[in-house]
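The basis for the numbers below is simple: all heavy atoms, side chains too, and nothing from hydrogens, waters or symmetry mates. The sequence lines fix the lettering, A, B, ..., with proteins before strands; numbering per chain opens at 1. Just so it is clear, the model here is predicted, and its values are computed rather than measured.
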Protein chains: 2
Amino acid sequence: MVKEVALGIDIGGTTTTFGIVDHQGNILADSKIMTHAKEHVTRFLPRLYEALNTLINDCPSPILLKGAGIGAPNGNYLRGTVEKPANLRWGDETPLAELISKEFGVPTVLTNDANAAALGEMRYGATKGMKNFLMITLGTGLGSGLVVDGKLVYGHTGFAGELGHMNVKEEGREGPFGLKGSLEAYVSVTGIRRTVSKMLADSAADSQLRDISYNQLTGEMITDAALKGDKIALAAFDYTGQFLGKALATAILFLSPEAIVLFGGLANAKDLIFQPTLKHMDTYMHPVFKGSVKLMLSELQHKNAAVLGSAALIWEELDKRSA
Amino acid sequence: MVKEVALGIDIGGTTTTFGIVDHQGNILADSKIMTHAKEHVTRFLPRLYEALNTLINDCPSPILLKGAGIGAPNGNYLRGTVEKPANLRWGDETPLAELISKEFGVPTVLTNDANAAALGEMRYGATKGMKNFLMITLGTGLGSGLVVDGKLVYGHTGFAGELGHMNVKEEGREGPFGLKGSLEAYVSVTGIRRTVSKMLADSAADSQLRDISYNQLTGEMITDAALKGDKIALAAFDYTGQFLGKALATAILFLSPEAIVLFGGLANAKDLIFQPTLKHMDTYMHPVFKGSVKLMLSELQHKNAAVLGSAALIWEELDKRSA
């Protein structure tokens, strides 16, 4: 029997992953290509088309392609464009949804990776059946996807839900565009690395992290040290959780979600990040919301979440059209 | 000809106003009764019913009542209840929507006053035709209503959009529930009064406000002084705008609205509050949103906004049901 499927495509700063996904979230086949920061989009696209065509042609079972979903940095859902992505030399604007749609002859929808992750979680993960929740992705930066009344929030510009840029500290750490004290400068892999650096300066405690350079330091190394009781690493997680908890208390005032889902490398540290976050969330939470919000770990952490999320994006769209 | 109308009821801390409103937002008749903080709801309601029945019976033209909308402090749309209102001795929970519905035999919907104001603005005011905007009401406290994709955001609990309680200053001014540094402790009539008090202490400048006690001081007095060039009053507006501007920059990251509408006494100070707010909003705004948001004054300032908003609530509902 021919199976109806969607292409899920996730364009990352170093890797682009893609897969063939059915309506139930089964990945029939997947693959990836490198994304080169300096490669122009006109050279990148033919490589992507070729890899996608190979994937489709080599798919083990007979399929009918119904659509494609794309998660991309600075992806604008409303316009279908990738606009000035920070880590790619793609120029001001690439009409990627239209290009992919033409190439494969199917409806194509695009958004940013955190929004795609939120939809993936809603269809296939921890927030199945929920109408109001937030997705927070903790990677190099902090991404977020807001779901209100069962739908992603895009806002007037298509760029709603950029919580990583909210100010959490007066005259705080430097970030891009001259903005200081943004959440992601504290809460992200980069953020906790900066925090370790600060703790190494402020504290006199011994630490296995004193032997690792700033650039070599990874989230896994900090987690590993914390699990062994390293004081610097533990203090760094606590400090990270303070900022995350406070920011989430604000997010709850805005949207009163049923759950907040954490995704990405830092989220794997589980209690190390969950406990201080919950504590500070509670400190700043208005009583009317107490007990109303679950803080959860993504259920797609060890699956191909990026591909599932991108595929979920187009399935949502196709379901809406046929409703 | 018999006109289809709705009851709009706004329950305030000192006054309850209500009116008969047609689909186009014409107020056919309106009236009010006092709200006594210490009066129990079982005594208040018979007075309200009587006043509403008088209004309906005395209405100059023939009408057909289609529904009732209620704006009330701590009004929960999802449950139709007023829950622990701060300034009324109503107890834990009053099922007000159900009570009014039974009394008048029409569908009745309830929400808080800021949400009702947002709907009023969307149907009859400055944001006609807009799908994404925020309403900020600056009164004794700071209320807000968030409209996403043409609908009010209620969230999982029904209490979404409580921006007045967001933390804007570490170890800042005391507020209820042990929360410190909340937005409304700075941005509201109470907030600017506190700020004047601080400025009178910090500054050595002469000011006409030095002759007025804290409790006597009103928003109008501060506006009046500022318009005459009073340095303390001007500094107080600037300080207020700093906090409002920064909070709105965060709100824009969340929801990317097309407009933010200011309503209430403080908003009437116009440039005095708009200019510092815009300046600080810009300082904290991520470039992707620059130029995308209009800061507007409510167009219902001098109309019976509370009644129009409450009526808009039920018209929205009835339109949805018949759609």
- salt_bridge(Glu258(A), Lys131(A)) N-O dist < 4.0 Å: no
- Message: What part of Met285(B) gets within 4.5 angstrom of chain A, counting heavy atoms only: side chain, backbone, both, or neither?
- Response: backbone
- Query: Is the closest side-chain donor-acceptor distance between Arg173(A) and Thr195(A) under 3.5 Å?
  - Reply: yes
- Query: With only heavy atoms counted, which part of Thr283(B) is less than 4.5 Å from chain A, the side chain, the backbone, both or neither?
  - Reply: backbone
- Task: Verify the distance criterion only: is there a donor paired with an acceptor across the side chains of Glu317(B) and Tyr77(B) at less than 3.5 Å?
- Result: yes
- Item | chain A contact via Pro287(B) - which portion, at a heavy-atom distance below 4.5 Å | side chain
Which side-chain N or O atoms in residues 91-98 of chain A pair as donor and acceptor under 3.5 Å with protein atoms at least two apart or in another chain?
residue  : atom : partner   : partner atom : Å
Glu93(A) : OE1  : Arg79(A)  : NH1          : 3.2
Glu93(A) : OE2  : Arg79(A)  : NH2          : 3.2
Glu98(A) : OE2  : Lys102(A) : NZ           : 3.4

- Side chains of Met122(B) and Glu316(B): closer than 4.5 Å at any heavy-atom pair? yes
- Relative to chain A, which segment of Phe133(B) carries a heavy atom at a distance below 4.5 Å: side chain, backbone, both, or neither? neither
- Residue, of Leu179(B), Asn167(B), Leu163(B), Leu253(B), that accumulates the most heavy atom pairs under 4.5 Å with chain A: Leu253(B)
- Bottom line for Lys151(B): the part with an atom under 4.5 Å from chain A's heavy atoms is side chain
- Item | The single option from Glu170(B), Glu174(B), Glu171(B) passing salt bridge (Lys or Arg N to Asp or Glu O under 4.0 Å) against Lys180(B) | Glu171(B)
- Which bit of Phe177(B) is near chain A, if near means a heavy-atom gap under 4.5 Å: side chain, backbone, both or neither? side chain
- Interface moiety of Ala251(B) toward chain A, non-hydrogen atoms closer than 4.5 Å: both
- Sort Leu255(B) into side chain, backbone, both or neither according to what part of it lies under 4.5 angstrom from a heavy atom of chain A. both
- Excluding sequence neighbours, so at least two apart, what forms salt bridge (charged side-chain N to carboxylate O under 4.0 Å, His left out) with Lys169(A)? none
- Query: Counting heavy-atom pairs under 4.5 Å to chain B, which of Ile252(A), Thr250(A), Val153(A), Thr157(A) comes out on top?
  - Reply: Thr157(A)
